[in-house]
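So that the names make sense, note that chain A is the first sequence line, chain B the second, and so on, each numbered from 1.
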There are 2 protein chains.
Amino acid sequence: MSKRIYIADDEVNIRELIHSFLEKAGYEVRSFQDGDALLAAFYHAPADLVVLDIMMSGTDGLQICNKLRNRCSVPIIIVSARDSELDRITGITMGSDDYLVKPFSPLELVARINGIFRRIDLDRGQVTQTTASYGNITLNAATHETICDGRHINLTPTEFLLLYYLFSNSERAVSREELLKNVWQFEAGADTRAADDVLKRLRKKLAESDVSIESVWGYGFKLKRKDFA
Amino acid sequence: MSKRIYIADDEVNIRELIHSFLEKAGYEVRSFQDGDALLAAFYHAPADLVVLDIMMSGTDGLQICNKLRNRCSVPIIIVSARDSELDRITGITMGSDDYLVKPFSPLELVARINGIFRRIDLDRGQVTQTTASYGNITLNAATHETICDGRHINLTPTEFLLLYYLFSNSERAVSREELLKNVWQFEAGADTRAADDVLKRLRKKLAESDVSIESVWGYGFKLKRKDFA
DNA sequence: CGAAACATAGGCAAATCTGTGGCAATGTTT
DNA sequence: AAACATTGCCACAGATTTGCCTATGTTTCG
């Protein structure tokens with residue numbers, strides 16, 4: 001799920017610059033003219049990270065930072081035109097996670113934001129990879145979602161399991177028996193065309209995608225990318 | 001317990017400067033002439049944070065950073081005489097938590113190190129933190145209060161537990177069995193649709209909110225924000 | 001070439017899953 | 001004691017899934 005970032009800066013140019021860069025980086029962004037507006041929105045629905053200018057009309061960035069910090073552990077980045085050692089140290093000591101001096105590179109901001117999220121992930125120790133990809137399709141085992149070029153494909157449980165198994169063994173052909181054993185947990189010997197049926201439906205749903213499921217005559221199936229001539 | 005910090009820098013003056021400042025700040029410090037020595041010591045006894053110069057004899061700082069990152073989640077700060085946007089972005093993207101340009105203020109380094117440890121503490125606290133948020137809803141485990149847009153929502157104990165569990169696992173789909181096990185503490189296999197019942201009531205109560213509880217066919221449930229197209 | 005084996009597509013119906021409203025058992029408050 | 005809240009269960013309806021069946025291609029092999 002995409003992370004939500006709130007920005008407060010009273011210079012409209014900077015605000016929109018940051019906004020567009022962060023959106024391009026895949027975040028959901030909302031920007032605000034001043035800290036009080038941000039704070040109100042945050043109370044309404046918390047963000048995953050906050051970018052604050054120090055010099056704003058109304059409550060200044062440091063105070064906003066303080067209020068947020070008292071309330072929760074949301075990561076905060078302060079951006080400011082003021083550049084002195086003392087300013088930077090104050091900003092960080094007051095509770096912000098980083099302090100950038102204007103003019104700063106939007107790309108650096110993005111990198112630092114990514115870094116903060118990475119730090120949080122590392123601390124959480126969540127390194128479990130739950131996705132499998134092939135061609136332009138990605139399966140997410142954690143959410144049971146199937147994405148093709150950003151679009152959502154609706155797969156039934158059996159279809160999902162079968163495709164996931166194929167994705168996990170994309171480099172080789174898979175036999176029907178193997179599918180029945182691993183997807184259906186049947187014991188070998190079951191004489192059923194069930195796998196063919198699911199495959200039939202999968203092919204229909206994946207028609208628009210990059211991925212095709214070739215049949216290996218007399219054996220089973222194997223994944224292949226369509227654009228491979 | 002005092003935290004242990006390792007420093008690698010081949011300029012002896014800088015090394016000792018940093019060393020003394022960090023010790024004054026209450027950390028246990030060991031410094032090394034180059035990255036390889038630091039790495040060897042780290043394998044022997046890991047540190048809580050590492051400060052790396054980029055330009056060192058032997059393996060350079062970025063590579064050391066990489067090796068450490070592959071191995072564990074220790075926080076890393078890179079210090080370097082090279083100052084360009086690209087250098088900073090590369091450093092952070094490669095896995096460091098911060099990038100400081102020489103000459104830097106030792107006090108700022110200390111402040112940033114404190115900041116990183118604070119971030120880790122905040123994240124750790126999060127696990128046992130009393131509040132969980134999703135969309136515009138915040139659950140407070142301590143008071144069993146549920147707030148949506150500042151308004152109060154009245155949840156029964158079971159509803160609260162279930163929603164709290166969903167909030168804590170908002171990034172993935174949760175199966176019925178898992179819910180029964182964790183919310184009801186039933187052992188698996190209980191054939192009950194109690195979860196569906198609570199979900200039914202929850203959905204009704206959350207109808208006005210940002211949050212919707214989607215069902216994952218044949219599996220369980222997953223949180224989703226409504227304003228997401 | 002022709003037959004047999006295998007694979008695919010469409011349709012169908014049984015089985016499964018999910019949401020809803022109602023209801024009763026239990027415990028709690030007034 | 002009566003009103004209330006909570007919560008699990010049931011039955012029903014609607015939707016979805018899925019295995020099978022049949023008809024129709026496609027490949028292999030004698």
**Complete:** With sugar-phosphate taken as primed atoms, P, OP1 and OP2 and all else as base, the protein-contact string of nucleotides 18-30 of chain C at under 4.0 Å (heavy atoms; B, S, -) is BBBBB--------
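Taking a cutoff of 4.0 Å between a charged side-chain nitrogen and a carboxylate oxygen, R203(A) and E214(A) do not qualify as a salt bridge. Salt bridge annotation for D197(B)-K200(B): present, with a cationic side-chain nitrogen under 4.0 angstrom from a carboxylate oxygen. Checked for salt-bridge contact, E159(B) and R201(B) miss the test: no charged N lies under 4.0 Å from a carboxylate O. Using a 4.0 Å cut-off between a side-chain N of Lys or Arg and a carboxylate O of Asp or Glu, R225(B) and E28(A) qualify as a salt bridge.
The backbone N or O of Y99(A) lies less than 3.5 Å from no partner atom in the side chain of S96(A), so there is not a single donor-acceptor pair.
Remark: R30(A) qualifies as a cation-pi partner of Y6(A) under the 6.0 Å distance and 45° angle criteria applied to the six-membered ring.
Using a 4.0 Å cut-off, no side-chain N or O of T156(B) falls inside it from OP1 or OP2 of dA5(D).
Note: CG (L162(B)) to C1' (dT6(D)) measures 15 Å, nearest angstrom. For the pair L202(B) CG and dG8(D) P, the computed distance is 12 Å after rounding to whole Å. At whole-Å resolution of the value, CG in L199(A) and P in dA9(C) are 10 Å apart.
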